[in-house]
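Below: one structure in structure tokens.
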Amino acid sequence: MAQTPLRLFNSLNRQIEEFVPIHEGEARVYTCGPTVYNYQHIGNMRAYVFADTLGRTLQLKGLKLTHVINITDVGHLTSDADEGEDKMEKMAASQGKSAWDIARFYQEDFERDLARLNVQKKQHPRATQYVEEMIAWGKRVADKHCYELESGLYFDVSTVADYGKLARAVTEEGEGRIERLEGKRNAADFAIWRKTPEGETRQMEWDSPWGKGAPGWHLECSVMGEALLGFPFDIHTGGIDHREIHHPNEIAQNQAYCCSGGLSDATNSGARIWMHNNFLVERSGKMSKSSGEFLRLQLLVDKGFHPHAYRMMCLQAHYRSELEFSWEGLEAALTRLKRMIMAVERLADAPSQPVAEHPKFAAPLAKFEEAMSDDLNTAIALTALEDALATKKVDAGIKRAVVEHMDAVLGLDLFSLSRADLRIRPASAEIAEEEIEDALARRKAARAEKDFATSDAIRDELAAKGVEVMDGDPLGWDWKLS
Ligand code: AMP
Ligand code: ZN
């Protein structure tokens, strides 16, 4: 199959560019990972579904993928710009646990959510594993680019060319988040190292040339990106909020460390392409982790939704568009996934054939390739998958191979799911599935004998237990829990 070149939107110059690997046959990607002081909300998970879709697309192009998602287990303050309390220590204190235990617990929860969303396995280095390298980095840039204040070692952003090119303009929000600390040379200067205040002890602190303390949050991504992928690497990703502070600061550190030149040559930033997913938003404000019961993947599962319905919801929107979460939207995504599964079930026993052997699939395959190559247009790619599934009078084995080829990129895992897996099953349901199936079997037998009184009685009995019987439902749900 002829390959369409992959074109991606580079936030650094706000342009679509053709992707050319820095190392032939390879793609190296770094994705800013979560701060593991709490559960992740589904907005955070959108960032990783996006990064995973990018990784899978690079694999579609035949590239060997190395993909890192770091784990921030130290250094992130309650504001991105060096102010407030340390997120890890604050949560540890409120739960009466050690910061290390908090980190381990929420990292495991995060990895469980990644697996549930079928995000391919990636490397997950933890910041605390790289403190020595962070100190070495600090030493290398300190003389030319930093100055010391009472509270730590600060990076002077005026010492590198084009600081803030990624952010373009300091937005109101960005400006509000920049700390006005006595002695700072520029408002945007940020901490490379934060000293533990005199008389205090932190759970997470290390000795350094600038006193006992902990690294600033931005440093870890520079250090781990360089250590694991080597500068320059191909693509750096994160949520759109990182365009304002975290990534401009990472870029400044990278310039200071290795490249010194300005950003008209993107590789001086440490990576060639910087990509950012837009936010998942929710009207009632349940996305915010400070709002008590916030929207976690577990909440979706508890309400009875299969996690892949959320992956489908993400894929239906372009990653650069804002996506509004609603339960109705999630249910629509689930229904769409179910229609796909019903079509795929018919292919279950077909032996897979080589992909491109049938002319009837040429159009959907080309549409799919073009869509994914066009800055990851997953919304169109999904319709190409549906076109392939709807193609009539073709060998089932070839259809199976075409669908597998597309699903390897979309990651919906269609062949491992059955329609029953997608049935909405709230955790609060009190009736067991066997009891429902048993009642439905008795009802079927009664109807076969034209005993409609019994059949209706069974139906009412089920309704009283929250089970709606769905006779003749075109999606074959048979029943649902309300
Ligand atoms: P954090 O743990 O705050 O660093 O966030 C982890 C990742 O999720 C980062 O890439 C954020 O940019 C991203 N993110 C945070 N909130 C949202 C949201 N509502 N929608 C999409 N991505 C988000
Ligand atoms: Zn980062």
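We use all heavy atoms of the structure for the numbers below, so side chains are in, but hydrogens, waters and symmetry mates are not. Both ligands and their constituent atoms are indexed starting at 1 by order of listing. Position 1 is the first residue of the sequence; numbering continues from there.
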**Complete:** Near Pro34 (heavy-atom distance under 4.0 Å), the atoms of ligand 1 are 2 (O)
**Message:** If you take the nearest heavy atom of each of Gly238, Ala51, Gly43, which one is closest to atom 22 (N) of ligand 1?
**Reply:** Gly43
**Prompt:** Within the side chain of Asn186, is there an N or O that forms a donor-acceptor pair under 3.5 Å with the backbone of Ala188?
**Reply:** no
**Asked** Closer than 2.8 Å to the Zn ion (ligand 2), do we get an N, O or S atom from Cys32, backbone or side chain?
**Response** yes
**Prompt:** Quick one: which ligand 1 atoms are inside 4.0 Å of a heavy atom on Tyr48?
**Reply:** 6 (C), 7 (C)
**Item:** Tyr106/Tyr39 aromatic ring centres below 6.0 Å
**Value:** yes
**Request:** Answer with yes or no whether the side chains of Glu220 and Thr72 bring together a donor and an acceptor at under 3.5 Å.
**Result:** yes
**Prompt:** Should the pair Arg140 and Tyr257 be classed as cation-pi, given the thresholds of under 6.0 Å to the six-membered ring centre and 45° from the axis?
**Reply:** yes
**Asked** What residue and heavy atom of the protein are closest to atom 2 (O) of ligand 1, and at what distance?
**Response** Thr35 N, 3.2 Å
**Request:** Just jot down the ligand 1 atoms closer than 4.0 angstrom to any heavy atom of His41, in number order.
**Result:** 16 (N), 17 (C), 19 (N)
**Message:** Considering non-hydrogen atoms of the protein only, which is the closest contact for atom 20 (N) of ligand 1, and what is the distance?
**Reply:** Leu280 N, 2.8 Å
**Polar atom proximity, Asn44 to ligand 1 (N or O, under 3.5 Å)** = yes
**Request:** Answer with yes or no after comparing the ring centroid distance for Trp137 and His218 against a 6.0 Å cut-off, counting only values under it.
**Result:** no
**Nearest neighbour in protein (non-hydrogen) for atom 10 (O) of ligand 1** = Gly239 N, 3.0 Å
**Message:** Taking the six-membered ring of Phe105 as reference, does the cationic atom of Lys97 (NZ for Lys, CZ for Arg) lie under 6.0 Å from its centre and within 45° of its axis?
**Reply:** yes
**Fill in**
So for Asp241 against ligand 1, with non-hydrogen atoms under 4.0 Å, the contacting part is side chain
**Request:** Check step by step if side chain to side chain donor-acceptor pair (under 3.5 Å) holds for Gln298 and Asp302.
**Result:** CA-CA 6 Å; Gln298 185 61 46; Asp302 287 345; 2.9 Å; yes
**Message:** Quick check on side chain to side chain contact (heavy atoms under 4.5 Å, CB included): which of Phe325, Tyr310, Phe279 does Arg46 satisfy it with?
**Reply:** Tyr310
**Message:** Check this for me - ligand 1, Ile240, N or O atoms closer than 3.5 angstrom, yes or no?
**Reply:** no
**Fill in**
Numbered in order shown, the ligand 1 atoms found under 4.0 Å of a heavy atom of Asn277 are 21 (C), 22 (N)
**Request:** Could you grab the angle centred on the Zn ion (ligand 2), going from NE2 in His246 to SG in Cys221, to 10°?
**Result:** 110°
**Fill in**
Between Pro232 and His23 the two heavy atoms that sit nearest each other are O-NE2, 4.4 Å
**Asked** Do side-chain atoms of Lys184 reach the backbone of Asp189 as a donor and acceptor pair under 3.5 angstrom?
**Response** yes
**Message:** With a heavy-atom distance limit of 4.0 Å, tell me whether Asn278 approaches ligand 1 through its side chain, its backbone, both, or neither.
**Reply:** backbone
**Request:** Please report which non-hydrogen protein atom sits nearest to atom 9 (C) of ligand 1, along with the residue it belongs to and the distance in Å to one decimal place.
**Result:** His242 NE2, 3.5 Å
